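Below: one structure, written as structure tokens.
Fair warning: this is a prediction, and the values are worked out from it, not measured in the lab. Worth knowing before you read on, the calculation uses all heavy atoms, side chains too, and leaves out hydrogens, waters and symmetry mates.
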Amino acid sequence: MKKSLTAIAAAALFATAAVGTAQAEDVLIGSCIYKFDDTFMTGVRNNMQKAAEAVGAEIELVDSQNRQPMQNDQVDTFITKGVNALIINPVDRSAAGPLADKAKAADVAIVYINREPDAKVLKGYDKAFYVGARAEESGTIGGQLIAEYFKGHPEADKNKDGKLQYILIKGEQGHQDATLRSEYCVKAMKDAGLDIVEIGSDNANWDKVQGHDKMKNFITSLGVESIEAVLCNNDDMALGVVEALKSEGYNLGTDGKDPSKFIPVVGVDATAPALQAISKGQLLGTSLNDAVNQGTAAVRIANQVAQGKPVDEASIGYTVTDGKYVWIPYVRVTAENYKDFQ
Ligand code: BGC
Ligand code: CA
């Protein structure tokens with residue numbers, strides 16, 4: 001029996017729909033990073049490149065230079081070029097929705113990383129995913145590290161009032177990691193039974209220089225002697241804080257220096273310079289924000305969806321929650337175990 005015209009049209013349509021998928025050797029992933037000049041995201045970026053090589057996919061990475069309109073254009077260009085999947089680190093995570101719409105219209109996968117979109121954005125498109133880490137965990141680790149130090153070092157209560165006077169240095173406003181880490185580090189100190197007093201808090205946008213400058217301001221206004229701990233939302237800012245303390249003669253390191261001149265500072269990420277500062281006794285601790293596994297998971301998801309293959313633990317090697325999320329755990333890092341992460 002001859003095929004009817006509609007059946008032929010339907011077959012043709014099916015063929016076009018299948019264009020959305022690629023053969024393993026042809027997968028091209030387009031990836032936008034909110035800005036290349038970010039220490040942690042540089043780690044993720046390098047690991048995505050390695051992971052792409054490992055799965056035999058090609059990846060093209062572009063710098064969105066902290067500008068959302070630029071990122072939107074980059075996504076358009078990738079789609080026009082015919083990428084099979086997108087990995088997006090949004091500049092502004094509230095802009096994730098329109099990007100999912102673009103991906104959906106072109107039938108390409110979109111994997112968001114590091115800046116979590118609204119759950120509705122992921123639900124609205126079957127090829128949308130998120131890879132990240134639960135910021136609550138890193139906040140809790142930071143708060144616990146400070147609480148343990150304060151309990152184990154009576155001299156850390158410099159003004160002997162039985163309370164911990166601390167400063168909080170936050171990341172970028174609107175970033176889930178800044179909000180949740182800040183909330184949970186405070187909660188962890190309270191849960192540990194500490195009587196805490198926030199004597200200063202400011203945003204330093206994940207940046208070392210801003211972290212340094214904000215800390216200088218606090219030292220000037222409060223006096224270094226009144227500061228008993230500093231909790232930072234990431235390592236770059238914590239290292240800026242350590243620099244500011246060093247210029248006051250504090251946190252110079254354990255190597256022959258006065259150990260009483262130490263103010264516990266914690267960060268998040270476990271970057272190479274942070275591990276070094278821990279080894280020198282200048283930084284109390286941090287938590288591993290796992291760039292290797294976050295980068296790898298994102299690439300494996302993109303590569304699977306690009307080929308029309310399933311995304312589950314068996315296929316990507318990571319637990320997939322609600323069919324949408326891969327959560328990579330944080331790990332506590334101190335002088336005791338920093339070598340495991342170098
Ligand atoms: C990291 C920061 C980084 C930020 C970028 C956070 O998870 O801890 O170091 O600057 O992501 O979005
Ligand atoms: Ca005190």
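Between Asp202 and Phe218 there is a side-chain heavy-atom pair separated by less than 4.5 Å. With a 4.5 Å cut-off on side-chain heavy atoms, Pro329 and Asp290 do not count as touching. For the pair Leu99/Gln68, a side-chain contact is recorded, criterion being any heavy-atom separation below 4.5 Å from C-beta on. Leu245 is not listed as a side-chain neighbour of Ile227, based on a closest heavy-atom distance of 4.5 Å or more. With contacts defined as side-chain heavy-atom distances shorter than 4.5 Å, the pair Tyr34/Asn66 qualifies. For the pair Asp235/Thr39, no side-chain contact is recorded, criterion being any heavy-atom separation below 4.5 Å from C-beta on. Between Val27 and Gln307, some side-chain heavy-atom pair lies under the 4.5 Å cut-off. When side chains are defined from C-beta on, Arg93 counts as touching Glu116, because their heavy atoms get closer than 4.5 Å.
Every side-chain hydrogen bond (donor to acceptor under 3.5 Å, both in side chains) that Ser201 has, sequence neighbours left out, goes to Lys170. In this view, His175 and Trp206 satisfy the ring pair (Phe, Tyr, Trp, His ring centres under 6.0 Å) rule, not counting sequence neighbours. The ring pair (Phe, Tyr, Trp, His ring centres under 6.0 Å) test applied to Tyr325 returns Trp327, not counting sequence neighbours.
Here the shortest heavy-atom pairing between Val224 and Lys158 reads O-NZ, 3.5 Å. For Cys232 against Ala238, the heavy-atom pair with the smallest separation is SG-CA, 3.6 Å. The shortest non-hydrogen separation linking Ser64 to Gln71 is OG-NE2, 3.1 Å. Closest approach of Asp63 and Lys35 over heavy atoms only: OD1-CA, 3.3 Å. When all heavy atoms of Pro154 and Lys160 are compared, the pair lying nearest together is O-NZ, 3.4 Å. When all heavy atoms of Leu275 and Phe341 are compared, the closest pair comes out as CD1-O, 3.4 Å.
The hydrophobic clustering, which links ILVMFWY residues whose side-chain heavy atoms are closer than 4.5 Å, places Met215 and Val209 apart. Under the 4.5 Å side-chain heavy-atom criterion for Ile, Leu, Val, Met, Phe, Trp and Tyr, Leu180 and Val331 are members of distinct hydrophobic clusters. Cluster annotation: Ile328 is not connected to Val292 through the hydrophobic network of ILVMFWY side chains, with a link wherever side-chain heavy atoms come within less than 4.5 Å. Both Phe129 and Met41 are part of a single hydrophobic cluster, where members link through side-chain heavy atoms under 4.5 Å apart. By the criterion of side-chain heavy atoms lying less than 4.5 angstrom apart, applied directly or through intervening Ile, Leu, Val, Met, Phe, Trp or Tyr residues, Ile301 is grouped together with Val320 in one hydrophobic cluster.
Note: Asp107 CG to Tyr125 OH = 5.0 Å, rounded to the nearest 0.5 Å. Separating the CD1 atom in Ile167 from the CD atom in Glu228 is a distance of 10.5 Å, to the nearest 0.5 Å. Rounding to the nearest 0.5 Å places CG of Leu122 at 15.5 Å from NZ of Lys127. Atom CG of Asp213 is separated from atom NZ of Lys208 by 12.0 Å, given to the nearest 0.5 angstrom. In this structure, Thr179 OG1 and Glu183 CD are separated by 8.5 Å, a value rounded to the nearest 0.5 Å. Here the OH atom belonging to Tyr184 is positioned 10.0 Å from the CG atom belonging to Asp191, to the nearest 0.5 angstrom.
Because its NZ or CZ atom is both nearer than 6.0 Å to the ring centre of Phe36 and within 45° of the ring axis, Arg45 counts as a cation-pi partner of that residue. In this structure, Arg300 fails the cation-pi test against Tyr318, since its NZ or CZ atom is not both closer than 6.0 Å to the six-membered ring centre and inside 45 degrees of the ring normal.
Heavy-atom neighbours of Gln23 CD from other residues, nucleotides or ligands within 6.0 Å: at or below the threshold of 12. Applying the 6.0 Å contact sphere to CD of Glu336 captures no more than 12 heavy atoms from other residues, nucleotides or ligands. Enclosure of atom CD in Glu53 is not indicated, since only 12 or fewer non-hydrogen atoms of other residues, nucleotides or ligands lie within 6.0 angstrom. The 12-atom threshold is not exceeded at CG of Asp37, counting heavy atoms of other residues, nucleotides or ligands nearer than 6.0 Å. Annotation: Glu25, atom CD; neighbour count of heavy atoms from other residues, nucleotides and ligands within 6.0 Å is above 12. Residue Lys246 qualifies as enclosed at atom NZ: its count of foreign heavy atoms under 6.0 Å is above 12.
For residues 308-333, the salt bridge (charged side-chain N to carboxylate O under 4.0 Å, His left out) pairs, not counting sequence neighbours, are Glu148-Arg332. Every pair passing side chain to side chain donor-acceptor pair (under 3.5 Å) that includes a residue from residues 269-279 is listed here, sequence neighbours excluded: Asp269-Asn289.
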### Task
Go through the steps for Lys102 and Ile110 under the test side-chain contact (heavy atoms from CB on, under 4.5 Å), then give the verdict.
CA-CA 10 Å; Lys102 289 177 195 279; Ile110 184 160; over 6 Å; no
### CA sep, side-chain torsions, deciding dist, call: Val44, Met48, side-chain contact (heavy atoms from CB on, under 4.5 Å)
CA-CA 6 Å; Val44 175; Met48 289 204 300; 4.2 Å; yes
### Message
Show, in sequence, the C-alpha distance, side-chain angles and deciding distance for Thr80 and Thr77, and conclude whether the side-chain contact (heavy atoms from CB on, under 4.5 Å) test is met.
### Response
CA-CA 5 Å; Thr80 309; Thr77 307; 5.6 Å; no
### Task
Please step through side-chain contact (heavy atoms from CB on, under 4.5 Å) for the pair Asp161 and Val197, ending with a clear verdict.
CA-CA 11 Å; Asp161 67 348; Val197 186; 5.5 Å; no
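A side-chain donor-acceptor contact under 3.5 Å links Asn233 and Ser182. Defined by atom type and a distance below 3.5 Å, a donor-acceptor pair is missing between the side-chain atoms of Asp207 and Asn205. In the model, Glu225 has a side-chain atom that pairs as donor or acceptor with a side-chain atom of Tyr250 under 3.5 Å.
Side chain of Asn203 to main chain of Gly171: a donor-acceptor pair is present (N/O by atom type, distance under 3.5 Å, no hydrogens or angles). Without hydrogens or angle criteria, Lys104 side chain to Gly124 main chain gives a donor-acceptor distance under 3.5 Å. For Asp157 (side chain) and Gly162 (main-chain N/O), a donor-acceptor pair under 3.5 Å exists by modelled atom type. The closest donor-acceptor contact from the side chain of Asn234 to the backbone of Met237 lies under 3.5 Å. Side chain of Ser31 to main chain of Ile87: a donor-acceptor pair is present (N/O by atom type, distance under 3.5 Å, no hydrogens or angles).
In the hydrophobic clustering, where aliphatic and aromatic side chains (Ile, Leu, Val, Met, Phe, Trp, Tyr) are joined below 4.5 Å either directly or transitively, Ile146 groups with Ile141, Leu145, Tyr149, Phe150, Leu164, Tyr166, Leu168, Val186, Met189, Leu194, Ile196, Leu231, Phe262, Val266, Val268, Leu284, Tyr330.
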